[in-house]
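Residue indices begin at 1 and follow the sequence shown.
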Amino acid sequence: MSSNTSLEDKTAVVTGAGAGLGRSEALALAGRGANVVVNDVGPAAEDVAAEIRALGREAVAVTGDIGDWSMGDRLVRAAVESFGGLDVVVNNAGVLRDKMLFNLTESDWDAVIRVHLKGHAGLSRAAAVHWRAASKAAGGPVYGRVVNTSSEAFLFGPAGQPNYAAAKAGIVALTLATAQGLSRYGVRANAICPRARTGMTAGVFGDGGEVGGLDVLAPERVATFVSYLASPASEEINGQVFVVYGDMVALMAAPTVERKFTAGDGVFSVEELDAQVTPHFSGRDPYRTYAAYSVARLDTTGVRNVARAT
């Protein structure tokens with residue numbers, strides 16, 4: 001293991017780590033040498049912590065709802081008190097309440113926004129407080145990595161997931177703000193849009209088969225990339241969004257301006273907007289919207305049918 005990718009003497013917090021993708025991420029970080037604070041809402045957090053300790057690494061479980069704002073402080077405190085510091089935050093916890101917009105209830109909306117977006121924000125804020133203070137005490141940048149879990153849902157806007165898509169879009173914006181606000185302190189923040197076969201995605205993905213003896217949608221594939229983003233090797237990667245699954249990591253480009261419309265005398269009238277804007281959209285492909293449908297056509301070994309299924 002090279003020093004550039006090692007996490008020896010580093011401490012990570014992983015939310016939603018009792019199962020699925022979070023469990024794989026926690027184990028992968030421990031496999032690279034990190035101490036891990038394992039968070040989940042139930043006893044599975046302690047089970048994963050025990051798995052990590054069985055590997056010869058250190059881990060503590062902190063059970064609780066990441067949607068509670070105070071949980072972020074609890075997790076940072078657990079990292080500092082148990083292992084002497086905090087180096088890596090992996091925001092992963094999430095829930096689903098899939099409904100078409102006309103069937104969406106307030107509780108469906110609140111639950112998803114609370115766990116995904118508020119959960120990411122609460123822990124990120126607590127970590128930011130810690131790293132800012134540590135940087136001031138050190139008189140310079142410190143080590144910090146934030147990996148946030150967004151989704152291709154924010155790129156497509158699935159009709160049956162308005163709450164989930166909105167939360168995941170918010171997580172990307174939060175990631176960009178984190179990257180810009182904390183870079184001076186040495187922190188790097190990036191977002192991933194993973195596809196992985198977990199309990200939460202059961203029934204969503206078709207059978208993609210195996211590549212190299214591993215399910216093409218195994219969460220371990222995503223966890224490997226998370227370990228990379230958590231490592232010193234990612235020092236120059238900040239404020240980026242990656243789509244990760246199968247044998248592929250795809251870097252998303254920033255949105256671009258397609259067309260600029262300018263008022264002839266400095267102030268638009270509705271009639272002038274009609275004259276300029278309407279022809280631009282006349283006969284336009286209805287699927288040519290802000291949604292990034294091209295991502296669904298990414299070519300990755302063994303996952304072509306899976307991509308169509310999403």
Side-chain angles (χ1 to χ4, degrees), residues 4-7 10-18 20-40 48 66 72 75-76 79 85-94 115-128 130-131 142-152 154 167-183 185-196 198 219-245 248-252:
N4 210 32
T5 58
S6 172
L7 294 174
K10 300 288 192 293
T11 295
V13 172
V14 184
T15 67
L21 185 55
R23 172 182 172 273
S24 293
E25 291 166 340
L27 290 170
L29 293 169
R32 304 301 297 182
N35 305 311
V36 185
V37 177
V38 180
N39 165 252
D40 214 305
V48 175
I66 193 61
L75 292 171
V76 171
L86 174 66
D87 304 285
V88 178
V89 165
V90 179
N91 280 305
N92 166 75
V115 175
H116 286 276
L117 185 52
K118 184 180 177 184
H120 273 60
L123 177 53
S124 295
R125 182 210 62 85
H130 169 79
W131 283 321
V142 296
Y143 190 97
R145 298 287 187 272
V146 177
V147 181
N148 287 334
T149 307
S150 184
S151 167
E152 291 167 279
F154 104 90
K168 292 305 188 180
I171 286 169
V172 170
L174 173 64
T175 303
L176 297 179
T178 303
Q180 293 193 63
L182 300 186
S183 62
Y185 305 116
V187 179
R188 305 292 177 257
N190 297 284
I192 60 170
C193 300
R195 288 188 199 173
T198 68
E220 290 81 3
R221 293 178 180 272
V222 177
T224 297
F225 186 61
V226 169
S227 296
Y228 165 73
L229 287 180
S231 75
S234 67
E235 172 63 23
E236 296 186 55
I237 304 174
N238 197 33
Q240 305 297 331
V241 177
F242 298 90
V243 176
V244 188
Y245 63 90
M248 176 203 76
V249 172
L251 173 63
M252 295 301 298

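Counting only distance, with no hydrogens or angles, the side chain of Ser151 and the backbone of Cys193 share no donor-acceptor pair below 3.5 Å. The backbone N or O of Thr11 sits less than 3.5 Å from a side-chain atom of Asp87, completing a donor-acceptor pair. Although no hydrogens or angles enter the test, the distance criterion places no donor-acceptor pair under 3.5 Å between the side chain of Ser234 and the main chain of Ala230. At least one donor-acceptor pair under 3.5 Å links the side chain of Asn190 to the backbone N or O of Ile237. The backbone N or O of Ala126 sits nowhere less than 3.5 Å from a side-chain atom of Trp131 that would complete a donor-acceptor pair. Remark: the backbone N or O of Asn238 is paired with a side-chain donor or acceptor of Gln240 at under 3.5 angstrom. With hydrogens and angles ignored, the 3.5 Å screen pairs a side-chain donor or acceptor of Arg188 with a backbone N or O of Glu235. At least one donor-acceptor pair closer than 3.5 Å links the side chain of Lys168 to the backbone N or O of Thr149.
Side chain to side chain, Arg32 and Thr5 meet the donor-acceptor criterion of an N or O pair below 3.5 Å. For the 3.5 Å distance criterion, the side chains of Asn148 and Thr175 qualify, holding a donor opposite an acceptor. If you check the side chains of Ser231 and Asn4, you find no donor sitting under 3.5 Å from an acceptor.
Atom CG of residue Asn35 and atom CG of residue Leu7 lie 10.0 Å apart, to the nearest 0.5 angstrom. Expressed to the nearest 0.5 Å, how far OG of Ser150 lies from CG of Asn91 amounts to 12.0 Å. From Arg221, atom CZ reaches atom CZ of Arg195 across 13.5 Å, with rounding to the nearest 0.5 Å. Here the CD1 atom belonging to Ile171 is positioned 4.0 Å from the NE2 atom belonging to His120, to the nearest 0.5 angstrom. Distance CD/Glu25 to OG1/Thr15: 8.5 Å, rounded to 0.5 Å.
Cation-pi geometry between Arg145 and Tyr143 is satisfied (NZ or CZ under 6.0 Å from the ring centre, within 45° of the ring normal).
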